[in-house]
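Note that this is a predicted model, so its numbers are computed, not measured. The sequence lines fix the lettering, A, B, ..., with proteins before strands; numbering per chain opens at 1. These values consider heavy atoms only, across backbone and side chains, with no hydrogens, waters or symmetry-generated copies.
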Number of protein chains: 2
Amino acid sequence: MKNVDALLFDVFGTIVDWRCGVAEFVSRKIGLVDPYEFADAWRREYQPAMAMVRSGAREYVPLDVLHRENLNKVLATFWVEMAEDERDDLNRAWEQMPPWAASCADLSRLKRQFIIAPCSNGSITMMTRLARYAQLPWDCVLGAGIAKAFKPEPRAYLESVGALGLPAHRVMMVPAHNSDLAAAQAQGLATAFVPRRTEYGFTQATDLEPTGDWDICAESLGELADQLEAMGPKHPLGQTQRDLH
Amino acid sequence: MKNVDALLFDVFGTIVDWRCGVAEFVSRKIGLVDPYEFADAWRREYQPAMAMVRSGAREYVPLDVLHRENLNKVLATFWVEMAEDERDDLNRAWEQMPPWAASCADLSRLKRQFIIAPCSNGSITMMTRLARYAQLPWDCVLGAGIAKAFKPEPRAYLESVGALGLPAHRVMMVPAHNSDLAAAQAQGLATAFVPRRTEYGFTQATDLEPTGDWDICAESLGELADQLEAMGPKHPLGQTQRDLH
């Protein structure tokens with residue numbers, strides 16, 4: 001691994017705790033259902049919905065739209081009746097999620113040395129509102145929203161790297177998911193694995209350990225910062241006006 | 001004008017002083033030429049280069065590429081010899097520009113109530129690096145980089161508005177240029193004019209006053225904030241986790 005200038009982060013699961021976030025939002029808005037069961041059911045519809053786009057059976061639509069459609073299915077499963085505008089409101093659960101402990105502080109620390117941006121399957125809308133809610137100090141919003149393609153499609157990574165004006169090897173993908181790392185590595189990006197072992201609750205069985213040859217494995221974003229800082233001095237691209245003069 | 005949730009800013013001329021920025025950068029790197037004359041000559045190539053893309057004669061390329069091509073022409077005019085990598089370096093002048101006085105503080109103030117983003121003809125690369133350099137606290141980067149179209153093409157505004165998940169009338173365009181406002185207004189955006197009367201130096205003859213029926217005219221971003229705050233309370237979309245709970 002050479003010096004990197006930018007870090008791209010997966011967001012749902014890696015930066016924010018979507019399961020607790022959705023459960024809390026749902027329990028405030030509905031109350032009648034098991035909120036974790038509801039969150040899991042909603043999330044289970046996520047991959048099949050994106051698969052339709054990835055396969056070309058459907059044109060790209062922002063993830064907000066897929067979540068909203070999936071919500072109709074899940075509400076039907078749970079026998080919940082709800083007006084359309086209330087459903088629109090519930091769909092905003094994905095814009096209001098708690099960050100994992102220390103994410104904001106650790107991202108701010110990483111930002112001092114690196115360009116930082118989300119490379120999520122979430123839309124620009126979701127990423128922007130979520131960043132405001134959770135105080136995530138992104139330099140810009142990349143990922144599916146600018147590529148109009150969902151990870152792990154190569155375009156989602158390559159358009160994000162291209163938008164930074166950098167070669168792929170100077171950009172590091174940072175997710176809690178091995179599959180995301182494998183796809184990023186295949187496109188030439190540097191890789192860092194940060195496990196989130198309770199993303200799916202205390203019985204989680206996947207992504208507990210690295211399953212590939214990743215450049216960095218760190219137990220937290222703080223440890224990632226430690227490891228990156230130990231590698232050498234800042235690169236000029238990561239510097240601000242104050243640093244340069 | 002109804003309540004707006006987001007403010008889109010023109011950047012070169014409106015937020016940063018490109019002319020002094022380029023002149024200062026050029027004088028550090030070359031030294032032999034009149035730096036303001038050089039800056040003006042470089043900028044004069046900007047509109048004709050984009051016109052080729054707007055007319056469809058050429059596919060969209062990021063503005064970095066156009067500036068780099070234009071630089072070759074300008075260096076030839078000024079009889080300056082320079083290696084390719086030095087030219088690449090000089091092209092980064094557009095990533096390192098001084099903000100107009102108080103821009104950073106005023107943007108931070110506006111960010112407390114509104115989503116703020118650049119809607120510039122600059123690429124995501126330029127906007128991201130410039131934001132780091134000049135400490136511009138954008139929520140996300142919109143504009144030509146995501147639309148793959150240059151203002152005043154409708155798509156540059158409409159894709160930016162769409163990426164925020166908002167109707168056009170809830171988004172306000174804030175440039176120092178009347179032509180930008182006319183194009184934004186034609187697409188249904190709210191409009192605010194903030195003149196920068198020395199963008200082209202002390203003999204500037206254009207954009208000294210509003211020439212259209214804009215929703216707001218303000219002498220500075222601080223005055224824009226005053227006027228917007230006087231219109232009423234914050235909208236939930238502009239609120240952070242701390243505000244909501």
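Rounding to the nearest 0.5 angstrom, the gap separating the CG atom in B/L166 from the CZ atom in A/R129 is 5.0 Å. Interatomic distance, CG of A/D139 versus CZ of B/R132, reported as 4.5 Å (0.5 Å rounding). Between the OG1 atom of A/T128 and the CD1 atom of B/I116 there is a distance of 11.5 Å, given to the nearest 0.5 Å.
When every heavy atom of A/I124 is checked against every heavy atom of B/C140, the shortest pair comes out as CG2-SG, 4.3 Å.
Enclosure of atom CD in A/E84 by more than 12 non-hydrogen atoms of other residues, nucleotides or ligands within 6.0 angstrom is indicated.
Among residue pairs with one or both ends in residues 101-110 of chain A, those qualifying as salt bridge (Lys or Arg N to Asp or Glu O under 4.0 Å) are A/R109-A/D226, A/R109-A/E229; sequence neighbours excluded.
Scanning residues 142-151 of chain B against chain A with a 4.5 Å heavy-atom cutoff picks out B/L142, B/I146, B/K148, ordered by number.
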